[in-house]
Student: 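This is the structure, below, for whatever I ask next.
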Amino acid sequence: MIYLNGQYMPIEEARIPVLDRGFIFGDGVYEVIPVYSRHAFRLDEHLRRLKHSLDGIRLASPHSDEEWADILGRVIAGNEAEDQYLYLHITRGVARRDHAFPNPPVPPTVFVMSNPLPKPPDHLLATGISAVTAEDNRWLRCDIKAISLLPNVLLRQKAIDEGCAETVLMRNSFLTEGAASNIFAVKEGMLLAPPKDNLMLPGITYDVILEIADANGIPFEVRRVSASEVFHADELLLTSSTKEVLAITRLDGKPVGAGLPGPVFRRMHALYQEFKHKVMRAK
Ligand code: PDD
């Protein structure tokens with residue numbers, strides 16, 4: 001069951017007009033929220049980031065946090081899996097094609113769906129994943145979670161074409177993030193995290209990782225990470241709401257460090273599971 005503009009229905013019945021500005025211009029924003037045991041994880045943080053994205057495209061929030069919680073709760077209840085991931089999508093609505101905002105404004109299109117959250121297969125945790133690098137050729141507002149994802153789509157496909165799972169992006173020889181993930185490097189036990197600025201999405205999982213590092217005495221630095229530090233890292237970590245934390249063990253066809261998930265990944269993965277279960281038990 002999905003939510004579309006005030007109504008709940010099976011996804012097969014959902015329809016939007018072709019003049020929707022999401023379809024015509026990619027004029028909208030989205031969120032992806034993991035759901036564990038039917039509870040949205042870090043809901044307040046995701047709703048805060050959604051507000052940041054909406055502010056970034058000058059679109060008023062269609063719902064209060066209470067209304068969002070109610071809609072999301074109903075969509076979660078209308079889907080079978082215990083663990084899911086919610087997808088929220090808001091566009092500037094339906095209007096005659098014109099780049100300028102509709103004046104007077106039209107109602108936004110609001111769509112929410114949920115899908116089962118797949119568990120990362122054990123072999124990925126044991127071996128890690130392979131990635132390629134590419135120049136980050138996206139715009140300069142990557143902090144907005146915009147639905148116009150064509151650069152991310154092309155960059156991710158580069159990885160797939162080369163038999164890999166993710167593309168690690170560099171802008172002017174500094175690490176930004178992955179095509180659909182945040183990236184951390186590890187050197188001599190130190191976790192290195194690029195700063196949350198306009199060049200990357202402020203990941204909710206990224207914040208959890210730094211909180212866990214802080215609470216467990218894992219040394220970390222938030223600072224610009226050079227391409228050379230990425231290529232010479234002992235470990236590389238990838239995070240996202242749907243993947244949690246994974247080790248990148250091959251980059252551009254070469255092993256990262258020893259070529260296997262390292263001690264910082266293993267510790268972080270275990271602490272992440274513990275953290276998640278503790279938070280969900282408290283609900
Ligand atoms: N993407 N950077 C980009 C470009 C992303 O698309 C994502 C997540 C992240 C990680 O953010 P978070 O930890 O809040 O999920 C970083 C989602 C999962 C997607 O587009 O499906």
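Ligands are counted one by one from 1 in listed order, and the atoms in each one are counted from 1 as well. Throughout, residue positions are numbered sequentially from 1 according to the sequence presented.
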Student: Using a 4.0 Å cut-off to any heavy atom of Ser241, which atoms of ligand 1 qualify?
Tutor: 12 (P), 13 (O), 14 (O), 15 (O)
Student: Could you check which of Tyr85, Tyr87, Tyr30 puts a non-hydrogen atom nearest to atom 19 (C) of ligand 1?
Tutor: Tyr30
Student: Could you tell me if any non-hydrogen atom of Lys145 lies under 4.0 Å from any atom of ligand 1?
Tutor: yes
Student: Hey, does the side chain of Asn5 reach the backbone of Phe111 with a donor-acceptor pair shorter than 3.5 angstrom?
Tutor: no
Student: Let me see the working for Glu166 and Ser181 under side chain to side chain donor-acceptor pair (under 3.5 Å), right down to the final yes or no.
Tutor: CA-CA 8 Å; Glu166 183 56 306; Ser181 58; 2.8 Å; yes
Student: I want to confirm something. Looking only at heavy atoms, which of Pro202, Ala180, Ser240 is nearest to atom 7 (C) of ligand 1?
Tutor: Ala180
Student: Just verifying a value: how many Å separate Met200 CE and Asn182 CG, rounded to the nearest 0.5 Å?
Tutor: 4.5 Å
Student: Specify the protein heavy atom at minimum distance from atom 18 (C) of ligand 1: its residue, its atom name, and the distance to 0.1 Å.
Tutor: Thr242 OG1, 3.9 Å
Student: Nearest to atom 13 (O) of ligand 1, what protein heavy atom do you find, and at what distance?
Tutor: Thr205 OG1, 2.5 Å
Student: Under 3.5 Å, N or O to N or O, is Tyr206 touching ligand 1 that way?
Tutor: no
Student: Using a 4.0 Å cutoff against the non-hydrogen atoms of Glu177, which atoms of ligand 1 qualify?
Tutor: 2 (N), 3 (C), 4 (C), 16 (C)
Student: Taking atom CD1 of Ile144 and atom NE2 of His52, what is their separation to the nearest 0.5 Å?
Tutor: 6.0 Å
Student: Please list the nearest protein heavy atom to atom 10 (C) of ligand 1 with its residue and the distance rounded to 0.1 Å.
Tutor: Asn182 OD1, 3.5 Å
Student: Measure the distance from atom 21 (O) of ligand 1 to every protein heavy atom, then report the residue, atom name and distance (to 0.1 Å) of the closest one.
Tutor: Val32 CG2, 3.7 Å
Student: Between ligand 1 and Met200, can you find any atom pair, the residue atom being a heavy atom, that is separated by under 4.0 Å?
Tutor: no
Student: Does Ala179 have a non-hydrogen atom less than 4.0 Å from ligand 1?
Tutor: yes
Student: Run Thr133 and Asp252 through side chain to side chain donor-acceptor pair (under 3.5 Å) and show every step you take.
Tutor: CA-CA 6 Å; Thr133 58; Asp252 291 341; 2.6 Å; yes
Student: For Ile204, which part has a heavy atom under 4.0 Å from ligand 1: side chain, backbone, both, or neither?
Tutor: both
Student: Rounded to the nearest 0.5 Å, how far does CD of Glu13 lie from CD1 of Ile11?
Tutor: 11.0 Å
Student: Could you check whether Lys276 makes a cation-pi contact with Tyr36, meaning its NZ or CZ is under 6.0 Å from the centre of the six-membered ring and within 45° of the ring axis?
Tutor: yes
Student: If the cut-off is 4.0 Å to any non-hydrogen atom of Arg49, which atoms of ligand 1 fall inside it?
Tutor: 11 (O), 12 (P), 14 (O)
Student: Decide yes or no on side chain to side chain donor-acceptor pair (under 3.5 Å) for Thr176 and Asp136, but give the supporting numbers first.
Tutor: CA-CA 8 Å; Thr176 54; Asp136 191 342; 2.7 Å; yes
Student: Quick one: is the NZ or CZ of Arg92 closer than 6.0 Å to the six-membered ring centre of Phe101, and within 45° of its axis?
Tutor: yes
